[in-house]
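This report concerns only the one structure given below.
Since this is a predicted model, take the numbers as computed values, not measurements. What's counted below: heavy atoms across the whole structure, side chains too, no hydrogens, waters or symmetry copies.
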Amino acid sequence: MSVVPKETIEVIAQSIGISNLTTDAALALAPDVEYRMREIMQEAIKCMRHSRRTILTTDDVDGALKLRNVEPLYGFVSGGPLRFRRAIGHRDLFYIDDKDVDFKEVIEAPLPKAPLDTAVLCHWLAIDGVQPVIPENAPVEVIAAPSNGTNNEQKDGLPVDIKLPVKHVLSRELQLYFDKITELAVSRSDSVLFKQALVSLATDSGLHPLVPYFTYFVADEVSRGLNDYSLLFALMRVVWSLLQNPHIQIEPYLHQLMPSVVTCLVAKRIGNRLVDNHWELRDFTAKLVAAICKRYGHVYNTLQTRLTKTLLNALLDPKRALTQHYGAVQGLAALGPSVVRLLLLPNLKPYLHLLEPEMLLEKQKNEVKRHEAWRVYGALLHAAGQCIYDRLKIFPPLSTPPASTFWKTNGKVVTTMPTLPNKRKTSMELLEQQPPPKKIATDGPIAVVSTSSLPTPMQEEASAAAPLDNSDVDPSSSSGQIPSDSRSESRCRRDRFDSRAVKMSAILPQIWKDDLNSGKLLVSLFELFGEGILSFIPSPEMSLFL
């Protein structure tokens with residue numbers, strides 16, 4: 001059974017001059033006609049898709065006929081839709097009304113108007129806010145939307161197509177969601193419901209239409225509410241949640257968000273200086289800025305450059321407040337140790353020279369400013385410490401130096417282990433928990449040295465580097481005989497310490513020869529901060545420089 005009726009086959013046969021086609025022949029030809037038509041339409045659809053179009057045209061059908069080695073149809077080149085008419089006497093039969101065109105009328109017809117040449121013209125859209133009345137500018141009354149929905153016309157009768165601003169349509173649910181979030185951020189930022197709203201902002205997938213509204217809301221509230229600490233902190237948490245949402249493309253709105261974020265970082269005054277903890281807000285905003293640069297730095301290659309320039313200018317300006325300096329330091333430190341090493345450390349010495357009078361009680365009587373100065377000093381110490389810690393971590397790891405077991409005397413140094421019932425099965429945990437007592441072999445009896453009288457670690461390392469086989473002291477001169485297993489343990493311990501000393505001596509030239517100059521950097525930071533910088537250095541690396 002074919003979808004092509006036999007009447008269609010009979011009409012087509014009559015159009016090509018076959019008038020005596022039988023009904024059986026028409027029924028037999030109908031399935032074959034359907035197959036050929038489906039084949040042609042499938043090829044035409046392929047041509048349409050390869051042309052990146054969604055509307056099937058006559059050109060696609062001609063291309064399909066050429067692929068099947070069939071002569072294409074002629075005359076179907078009109079760009080408009082084809083107009084079919086119903087055949088009289090047939091309910092489901094349609095045809096295209098082709099009009100006969102007389103060549104004489106076509107030849108004698110007047111020529112169409114020649115198109116204008118392509119050119120570029122300049123004209124004023126507005127002068128001092130006033131639109132000049134020229135033909136190129138639409139009159140003011142045309143800009144208003146027409147009430148009857150018709151096109152406006154100028155004096156010369158040409159239609160003017162005015163594109164009105166596009167109205168952004170939001171669903172009722174999204175409007176209620178936006179109103180609820182803004183209400184919680186403004187008035188109930190410390191509630192549990194606001195925390196749940198932040199989770200929703202960070203996870204929901206249908207919030208992209210609200211991004212421009214949240215952006216405008218944050219920028220507007222930050223500009224008006226610098227005295228409201230809780231509001232500013234809530235706004236920054238909203239921005240953080242939006243950044244965490246993987247379903248939102250927020251990069252087109254970063255140019256509107258960044259001024260508000262940087263304002264919360266380096267503003268002179270945020271909330272009440274005595275009551276509100278604006279330091280916490282600046283720390284959180286610094287992490288937010290670092291997250292934005294890390295995520296979108298490859299999209300906007302000038303983002304981090306412009307940000308670091310802004311923060312550095314805020315830090316080096318002596319007219320800025322210390323709170324602004326603190327925000328600039330925290331922002332630069334959050335961007336990474338490389339930024340600190342390249343921008344902050346070269347300006348550290350002159351800045352500390354200017355900061356030092358603000359930290360002393362004799363020169364600064366204002367307790368608030370003195371507290372702010374110490375805050376800035378702590379931020380600088382932490383940034384420099386993280387930088388030197390990052391520099392030292394690029395070198396091969398060293399094992400932590402063990403507890404010193406040697407110190408120099410006039411006699412021979414011997415290390416013995418405590419006597420245990422089963423010596424070979426002693427666990428390492430027992431050895432670490434019970435340090436070995438130290439005995440000094442001299443001309444007199446062997447005495448146990450108490451831990452309270454031990455020398456400093458530097459003296460012990462210096463004594464360990466000296467040779468231990470002193471020929472001036474005879475082992476037999478001691479009052480007791482040293483066991484052979486104690487000698488072997490002492491020799492193994494000596495070999496391990498010697499290998500560790502060789503390893504340290506091999507890494508030390510590498511540090512000083514490296515382009516990073518970590519050793520010199522540590523010395524300079526030690527001169528500026530004193531022993532405070534040593535808390536950021538792991539103990540193996542510290543033992544190298546000591």
Side-chain angles (χ1 to χ4, degrees), residues 143-145 147 163-272 275-296 299-300 303 327:
I143 300 178
S147 58
K163 293 184 178 181
L164 299 176
V166 180
K167 186 178 180 180
H168 197 184
V169 180
L170 288 177
S171 64
R172 181 62 178 171
E173 291 78 9
L174 287 179
Q175 294 180 14
L176 293 175
Y177 183 88
F178 176 76
D179 294 339
K180 191 63 176 179
I181 295 294
T182 54
E183 178 187 356
L184 291 174
V186 173
S187 59
R188 300 170 57 188
S189 59
D190 55 346
S191 62
V192 179
L193 188 59
F194 180 67
K195 296 180 181 179
Q196 296 176 353
L198 294 177
V199 175
S200 175
L201 284 175
T203 55
D204 286 355
S205 58
L207 303 181
H208 186 70
L210 292 177
V211 174
Y213 296 93
F214 279 120
T215 302
Y216 178 78
F217 169 72
V218 171
D220 185 56
E221 293 296 331
V222 168
S223 62
R224 295 186 306 174
L226 285 178
N227 294 328
D228 193 345
Y229 164 78
S230 60
L231 174 61
L232 294 178
F233 211 121
L235 294 176
M236 292 301 102
R237 294 170 68 184
V238 169
V239 176
W240 178 270
S241 298
L242 292 176
L243 289 175
Q244 300 302 315
N245 196 326
H247 309 286
I248 291 179
Q249 296 180 357
I250 203 173
E251 54 267 21
Y253 308 97
L254 284 180
H255 66 283
Q256 300 176 5
L257 278 177
M258 287 305 296
S260 304
V261 175
V262 175
T263 299
C264 293
L265 181 62
V266 294
K268 180 178 180 180
R269 183 174 181 177
I270 297 177
N272 192 338
V275 179
D276 297 330
N277 187 11
H278 62 93
W279 311 105
E280 184 180 1
L281 174 59
R282 297 179 195 272
D283 297 340
F284 181 81
T285 310
K287 297 178 182 178
L288 179 60
V289 167
I292 293 176
C293 291
K294 183 179 180 180
R295 183 172 179 181
Y296 302 107
V299 180
Y300 299 97
L303 176 63

Checklist outcome for this item: Here the pair of heavy atoms bringing L184 nearest to A197 is CD1-CB, 4.0 Å
Item to check | Nearest heavy-atom neighbours spanning L232 and C264 | outcome: CD2-SG, 4.2 Å
Checklist entry - Which heavy-atom pair separates E251 from Y300 by the least distance, and what is that distance? => result O-OH, 2.7 Å
Checklist entry - Can you tell me how far CG of L257 sits from CD1 of I250, rounded to the nearest 0.5 angstrom? => result 5.0 Å
Next on the checklist: Pair L201, N245 - check side chain to side chain contact (heavy atoms under 4.5 Å, CB included), show working.
Outcome noted: CA-CA 7 Å; L201 284 175; N245 196 326; 5.8 Å; no
Item to check | Gap between atom OG1 of T263 and atom CG of L226 - 0.5 Å precision | outcome: 7.0 Å
Item to check | Side-chain (R237) to main-chain (K195) donor-acceptor, under 3.5 angstrom | outcome: no
Item to check | Inter-residue atom distance Q244.CD - T203.OG1, 0.5 Å rounding | outcome: 11.0 Å
Checklist entry - Does the pair H208 and Q249 meet the rule for a side chain to side chain contact (heavy atoms under 4.5 Å, CB included), with working shown? => result CA-CA 7 Å; H208 186 70; Q249 296 180 357; 3.8 Å; yes
Checklist entry - Got a sec, which residues hit side chain to side chain contact (heavy atoms under 4.5 Å, CB included) with E173, two or more places apart in sequence or on another chain? => result S171
Item to check | Minimal non-hydrogen separation, S191 against R188, with atom names | outcome: OG-O, 2.8 Å
Item to check | Shortest non-hydrogen contact between A202 and P246, atoms and distance | outcome: O-CD, 3.8 Å
Checklist entry - Do side-chain atoms of Y253 reach the backbone of F214 as a donor and acceptor pair under 3.5 angstrom? => result no
Next on the checklist: Between L174 and P209, is there a side-chain heavy-atom distance shorter than 4.5 Å?
Outcome noted: yes
Checklist entry - Quick one: are L193 and K180 in side-chain contact, heavy atoms under 4.5 Å? => result yes
Checklist entry - Say you draw a straight line from CD1 of I292 to CE of M258; how long is it, rounded to the nearest 0.5 Å? => result 5.0 Å
Next on the checklist: Run V238 and F194 through side chain to side chain contact (heavy atoms under 4.5 Å, CB included) and show every step you take.
Outcome noted: CA-CA 10 Å; V238 169; F194 180 67; 4.1 Å; yes
Next on the checklist: Before you tell me yes or no, could you show the steps for S230 and D190 under side chain to side chain contact (heavy atoms under 4.5 Å, CB included), namely the whole-Å CA-CA distance, both residues' side-chain angles and the distance that decides it to 0.1 Å?
Outcome noted: CA-CA 8 Å; S230 60; D190 55 346; over 6 Å; no
Next on the checklist: Nearest 0.5 angstrom please: W240 CH2 to K287 NZ, how far?
Outcome noted: 8.0 Å
Item to check | Nearest-0.5 Å distance that lies between atom CD1 in I270 and atom CH2 in W279 | outcome: 10.0 Å
Item to check | Heavy-atom donor-acceptor pair, Y229 side chain to H278 backbone, under 3.5 Å | outcome: no
Next on the checklist: Restricting to non-hydrogen atoms, name the atom on A185 and the atom on L231 that form the minimum distance, rounded to 0.1 Å.
Outcome noted: O-CD1, 3.6 Å
Checklist entry - Can you list the residues that meet the side chain to side chain contact (heavy atoms under 4.5 Å, CB included) rule with S200, with sequence neighbours excluded? => result Y177, D204
